[in-house]
Amino acid sequence: MYDLICLSHLRWDFVFQRPQHLLSRCALQRRVFFVEEPVYIDGPDQLVVRRSAEGVYVVVPNLNHGTADIQATQRTLLRELLTTYHLDRYVLWYYTPMALPLGECLSPIAVVYDCMDQLAAFKGAPPELLDREKQLMEHADVVFTGGFSLFEAKKKLHQNVHAFPSSVDVPHFAAGRRTQEDPADVKHIVRPRLGFFGVIDERMDLSLLAGVAQARPDWQLVMVGPVVKIREDELPVAANIHYVGGKQYADLPRYISGWDVALMPFAKNESTQFISPTKTPEYLAAGKPVVSTSIRDVVRPYKALGLVSIADTVQDFVSACEHALSESPTALLRKADAFLADLSWDKTWSQMAEHIEQAIQGKSPITLTSFRQASQGASAANASLPLAAGVR
């Protein structure tokens with residue numbers, strides 16, 4: 001049995017998405033330590049560790065504002081974590097290559113890189129990220145990708161890459177098929193409602209959103225999610241656009257149950273080239289017709305299977321939504337259920353765990369030594385670089 005240490009640029013409590021789905025399932029079988037980026041305080045350097053509702057140990061380095069060597073201090077704190085929790089046999093799991101310098105104080109039995117996004121394309125990404133990812137790919141034992149487009153981009157960079165696109169907790173979102181009482185902050189919104197949930201950031205096509213609202217003022221566009229990396233004054237403002245903020249994962253089915261169409265108005269830019277939106281199967285599990293821009297991992301397989309309508313211009317997007325509002329849901333539900341029958345985070349984690357076991361069995365002292373040397377080199381060259389590369 002092994003434990004798992006995850007180094008992440010995302011906060012555990014930010015948005016419940018891929019890392020939370022996978023690692024909460026991992027935590028059913030072993031201890032999982034989810035190490036976040038540091039927060040800065042006036043007190044002494046320390047690790048704050050708490051147990052999440054899912055059983056994951058959430059580890060937050062609390063560093064003094066005056067800490068001179070941030071990376072060295074974090075490595076010291078991680079060594080203390082190993083001692084305190086008797087972490088002798090563990091897998092090291094990366095969500096960001098920018099965390100590579102922290103690896104020098106660790107001796108994992110295997111290294112996993114779950115490449116859920118092309119982080120280098122995100123707004124605010126460190127320029128060194130691509131070089132750091134190359135180093136991580138050279139020394140990871142197994143690489144997972146968050147979609148097929150990412151798999152195609154990474155498969156030549158590593159000999160053991162596996163595509164695991166977005167999955168879904170079908171029973172959770174199937175509650176959205178039942179009529180439920182509207183949450184208090186949307187009760188006043190009339191129908192039809194066309195909704196989106198997720199992070200609202202540079203990947204959102206704001207001009208498309210504004211155009212749809214202007215073209216159909218009788219439609220109510222409900223935007224559920226936190227606004228990140230863009231200013232709120234950049235968001236289009238209209239009487240029929242409603243920004244209701246971020247919501248708990250448990251509450252999403254209540255919100256989506258009151259929608260008539262689910263939207264994915266993503267921009268077509270560098271930051272969306274490789275995304276595989278988790279919300280696609282979640283919308284379908286909730287029984288809603290979906291209209292999206294032509295994101296590659298949505299067009300294939302969802303458009304190809306007749307599960308999602310694709311449109312990129314305001315006129316085409318409005319037309320696709322009109323069609324979704326007018327058609328009977330029976331055929332869509334039948335196709336969606338057939339597709340979702342073989343899709344679950346439980347199955348995804350089970351398959352990932354098999355690849356990790358195979359990687360552990362193939363691990364040698366030589367590869368472990370080379371990984372630690374690479375980590376030390378990255379640390380010396382980039383002692384002050386941030387871990388963050390963007391949020392999803």
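Numbers for residues simply follow the sequence, beginning at 1. Values below: every heavy atom of this structure, side chains too, minus hydrogens, waters and symmetry copies.
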Are a donor atom and an acceptor atom from the side chains of Ser294 and Lys268 found within less than 3.5 Å of each other? yes

(message) Check this for me: does any side-chain nitrogen of one of Arg18 and Asp117 sit under 4.0 Å from a carboxylate oxygen of the other?
(response) no

Requested in this report: Verify, without hydrogens or angle tests, whether Glu232 (side chain) and Val227 (backbone) share a donor-acceptor contact under 3.5 angstrom.
Outcome: no

Practice problem: Taking only Lys NZ, Arg NE, NH1 and NH2, and the carboxylate oxygens of Asp or Glu, determine whether Glu270 and Lys123 approach each other closer than 4.0 Å. | Solution: no

* To do: Compare all side-chain heavy atoms of Phe197 with those of Val222 and state whether any distance is below 4.5 angstrom.
  => no

Exercise for review: Ignoring hydrogens and angles, tell me if any N or O in the side chain of Lys335 forms a donor-acceptor pair with the backbone of Gly306 under 3.5 Å.
Suggested key: yes

- prompt: Within a radius of less than 6.0 Å around CD of Gln248, do more than 12 heavy atoms belonging to other residues, nucleotides or ligands occur?
  reply: no

Side-chain donor/acceptor of Asp297 to backbone N/O of Arg300, under 3.5 Å: no

### Query
Between Leu10 and Met116, does a side-chain contact (heavy atoms from CB on, under 4.5 Å) hold up when you go through it step by step?
CA-CA 12 Å; Leu10 299 169; Met116 63 182 279; 4.0 Å; yes

- Message: Is the positively charged end of Arg51 above the ring of Tyr57, judged by distance under 6.0 angstrom from the centroid and angle within 45° of the axis?
- Response: yes

Would you find more than 12 non-hydrogen atoms of other residues, nucleotides or ligands less than 6.0 Å from Lys303 atom NZ?
no

**Message:** Treating Arg30 as the side-chain partner and Tyr2 as the backbone partner, does any N or O pair qualify as donor plus acceptor under 3.5 Å?
**Reply:** yes

When rounded to the nearest 0.5 Å, the distance separating NZ of Lys229 from CD1 of Ile200 is 13.5 Å

Checklist entry - Yes or no on salt bridge (charged side-chain N to carboxylate O under 4.0 Å, His left out) for Glu133 and Lys154, after CA distance, side-chain angles and deciding distance? => result CA-CA 11 Å; Glu133 182 178 64; Lys154 306 297 183 184; 2.7 Å; yes

Review point. When you check the gap from the basic side-chain N to the acidic O, do Arg75 and Glu80 get nearer than 4.0 Å?
Key: no

Are His162 and Asn160 linked by a side-chain donor-acceptor pair shorter than 3.5 Å? yes

> Should the pair Trp93 and Trp349 be assigned to parallel (<30°), tilted (30 to 60°) or perpendicular (>60°) ring geometry?
Replying inline: tilted

Please check if the distance between the ring centroids of Tyr94 and Tyr113 is under 6.0 Å.
no

| Between Thr73 (side chain) and Asp69 (backbone), is there a donor-acceptor pair under 3.5 Å? | yes

In this structure, CG of Asn62 is separated from CG of Leu47 (nearest 0.5 Å) by 8.0 Å

### Query
So, Gln20 side chain and Trp12 main chain: donor-acceptor pair closer than 3.5 Å or not?
yes

Note to self: Check for me, please, whether Val48 and Leu78 land in the same ILVMFWY cluster - side-chain distances under 4.5 Å, paths through other members count.
What the structure shows: no

Test your reading of the model: is there a side-chain donor-acceptor pair from Ser149 to the backbone of Phe274, 3.5 Å cut-off?
no

(Q) With no hydrogens and no angle check, just 3.5 Å: does a side-chain donor-acceptor pair link Tyr255 and Asp185? (A) yes

TODO: Could you walk me through whether Asp3 and Arg31 pass salt bridge (charged side-chain N to carboxylate O under 4.0 Å, His left out), step by step?
DONE: CA-CA 5 Å; Asp3 297 312; Arg31 294 185 300 173; 2.8 Å; yes

- prompt: Are Asp316 and Thr313 close enough that a side-chain donor and a side-chain acceptor fall under 3.5 Å?
  reply: yes

**Request:** Dump the intermediate steps for salt bridge (charged side-chain N to carboxylate O under 4.0 Å, His left out) on Arg296 and Glu152, then the final yes or no.
**Result:** CA-CA 12 Å; Arg296 288 173 62 190; Glu152 291 168 351; 3.2 Å; yes

Check your understanding: Under 3.5 Å, side chain of Ser257 to main-chain N/O of Arg254, donor-acceptor pair present?
Key -> yes

Any side-chain donor near an acceptor of the partner, Gln220 and His242, under 3.5 Å: yes

Are Val35 and Tyr40 grouped together when hydrophobic residues (ILVMFWY) are joined by side-chain heavy atoms under 4.5 angstrom apart?
yes

Next on the checklist: I'd like to know whether Arg50 forms a salt bridge (charged side-chain N to carboxylate O under 4.0 Å, His left out) with Asp13, so could you lay out the CA-CA distance, the side-chain angles of the two residues, the decisive distance to 0.1 Å, and finally the verdict.
Outcome noted: CA-CA 12 Å; Arg50 65 177 177 84; Asp13 290 331; 2.3 Å; yes

Please check if the side chain of Asn240 supplies one atom and the backbone of Arg216 the other of a donor-acceptor pair under 3.5 Å. yes

Quick check, are the ring centers of Phe16 and His172 under 6.0 angstrom apart? no

Check: Does any donor atom in the side chain of Ser344 or Asp346 lie under 3.5 Å from an acceptor atom in the other side chain?
Finding: no

(request) Verify the neighbour count for atom CD of Gln315: are there more than 12 heavy atoms of other residues, nucleotides or ligands below 6.0 Å? (result) no

Within-4.5 Å side-chain heavy-atom neighbours: Phe144 and Phe151: no

**Q.** Ionic contact status for Arg231 with Asp233, cut-off 4.0 Å
**A.** yes

For the CD atom on Gln180, are there more than 12 heavy atoms of other groups (residues, nucleotides or ligands in this structure) within a distance under 6.0 Å? yes

Does the pair Val32 and Glu54 meet the rule for a side-chain contact (heavy atoms from CB on, under 4.5 Å), with working shown?
-> CA-CA 10 Å; Val32 175; Glu54 299 80 19; over 6 Å; no

Do Val58 and Val49 have side chains that approach each other closer than 4.5 Å (heavy atoms only, starting at C-beta)? no

Examine the side chains of Asp205 and Thr293 and answer whether a donor and an acceptor come within less than 3.5 Å of each other.
no

Is there a path of hydrophobic side-chain contacts, each under 4.5 Å between heavy atoms of I/L/V/M/F/W/Y residues, joining Leu340 to Leu305? yes

| message | Below 30° counts as parallel, above 60° as perpendicular, anything between as tilted: where do the rings of Phe164 and His355 land? | response | perpendicular

(message) Just by distance, no angles: are the side chains of Gln17 and Lys279 close enough, under 3.5 Å, to form a donor-acceptor pair?
(response) no

Examine distances only and state if a side-chain atom of Asp260 and a backbone atom of Leu194 form a donor-acceptor pair shorter than 3.5 Å.
no

Would the Tyr302 and Phe339 ring centres measure less than 6.0 Å apart?
yes

query: Does Asp342 CG have over 12 foreign heavy atoms under 6.0 Å away?
result: no

Task: Worked verdict on Ile360 versus Val91 for side-chain contact (heavy atoms from CB on, under 4.5 Å) - done: CA-CA 8 Å; Ile360 292 171; Val91 166; 3.9 Å; yes

Q) Would you say the side-chain atoms of Thr76 and Arg79 include a donor-acceptor pair closer than 3.5 Å? A) yes

Is it true that, when you exclude Phe148 itself, more than 12 heavy atoms of the residues, nucleotides or ligands shown sit nearer than 6.0 Å to its CZ?
no

Check the hydrophobic clustering (I, L, V, M, F, W, Y; side-chain heavy atoms under 4.5 Å; chains of links allowed) and say if Val161 and Leu150 are grouped together. no

Taking 4.0 angstrom as the limit, do Asp182 and Arg193 come out as a salt bridge? yes

